[in-house]
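In what follows, a single structure is set out as structure tokens and then discussed.
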Amino acid sequence: MLAKAVVDIAKALGKPIALEALGFSKGRMDTEKPFNRMASQFPYAAIRMAILRRAVKENVGYKQVPPQHTSTIGRLKYEKKYGVSVHCAAALVIGRRAMGFRERITREVRDFVLRVKERLKPTGDLLPREGIGMTRKVEAALHRLEPRLGLHNGLARWQQESFFSCWRELKIFALTFR
């Protein structure tokens, strides 16, 4: 029912469908209860296959894109700009990837990194408190990020989406200071 509605809307608009190529491997099964519960209640594979079958049947184009850092990019670049939730912003990133756009480091992202640096500067109070001062994880992410930040926009698209791109460190900042 859902697959039919999605494909019918795409066909009526004359647009292809962009899907995230999520992979829930069996490697973590039987080891983590929360993951098992989430994986058993999340019918992603069934929905994806139903949409793909219906799209082929109705002659609607589709493309699967890698899911790396879509929520982080959406949160940092599009959430405030368009006034949407993180999930809608991540969907925008998925659509942009399907169209072949690269995600560049913008002025807003650079300003966010500067705000993180300013917020982490030590104050006159030398007593450590939770949430105050630079944690080791954030400090390490900041040191890894600084040399990569200037190089990111010149990289190829596959390098920008790779595991070791600067979006991984930006994710640490976004989760720490939300």
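Note that the structure is a prediction, hence the values are computed from the model and not measured.
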With heavy-atom distances below 4.5 Å as the criterion, would you say the side chains of [X] and [Y] are in contact?
X      : Y      : result
Gln64  : Arg48  : yes
Ile105 : Leu170 : yes
Arg168 : Thr72  : no
His152 : Arg148 : no
Val109 : Ile73  : no

Report yes or no: do [X] and [Y] belong to one cluster of Ile/Leu/Val/Met/Phe/Trp/Tyr joined by side chain heavy-atom distances under 4.5 Å?
X     : Y     : value
Val6  : Ile47 : yes
Val56 : Val7  : yes
Ile17 : Val65 : no
Leu2  : Leu52 : yes
Leu76 : Val86 : no

### Query
Under the side chain to side chain donor-acceptor pair (under 3.5 Å) test, which residues partner Lys81, sequence neighbours left out?
none
Any chance you could measure [X], atom [atom1], to [Y], atom [atom2], to the nearest 0.5 Å?
X      : Y      : atom1 : atom2 : value
Cys166 : Glu146 : SG    : CD    : 12.5 Å
Arg96  : Phe101 : CZ    : CZ    : 6.0 Å
Arg75  : Phe112 : CZ    : CZ    : 9.0 Å
Ile9   : Lys15  : CD1   : NZ    : 14.5 Å
Ser71  : Glu79  : OG    : CD    : 10.0 Å

### Message
Apply side chain to side chain contact (heavy atoms under 4.5 Å, CB included) to residues Leu149 and Arg110 and explain how you reach the verdict.
### Response
CA-CA 8 Å; Leu149 205 57; Arg110 291 181 194 274; 4.0 Å; yes
For residues [X] and [Y], report the shortest heavy-atom separation together with the two atoms involved.
X     : Y     : value
Ala21 : Pro67 : O-CD, 3.6 Å
Ala18 : Ala98 : CB-CB, 3.5 Å
Tyr62 : Ala55 : CD2-CB, 4.1 Å

### Task
Could you go through the side-chain hydrogen bond (donor to acceptor under 3.5 Å, both in side chains) check for Tyr78 and Glu103 one step at a time?
CA-CA 11 Å; Tyr78 303 116; Glu103 294 296 339; 2.9 Å; yes
#### Entry: Heavy-atom neighbours of Asn59 CG exceed 12 at 6.0 Å
no
### Query
Does NZ belonging to Lys171 count more than 12 external heavy atoms closer than 6.0 Å?
no
### Task
Start with the C-alpha gap between Val60 and Asp8, add the side-chain angles, then the distance that decides, and say whether side chain to side chain contact (heavy atoms under 4.5 Å, CB included) holds.
CA-CA 9 Å; Val60 173; Asp8 287 346; over 6 Å; no
### Query
Between the side chain of Arg97 and the main-chain N/O of Pro66, is any donor-acceptor distance below 3.5 Å?
yes
#### Entry: Backbone N/O of Arg104 and side chain of Lys77: donor-acceptor pair under 3.5 Å
yes
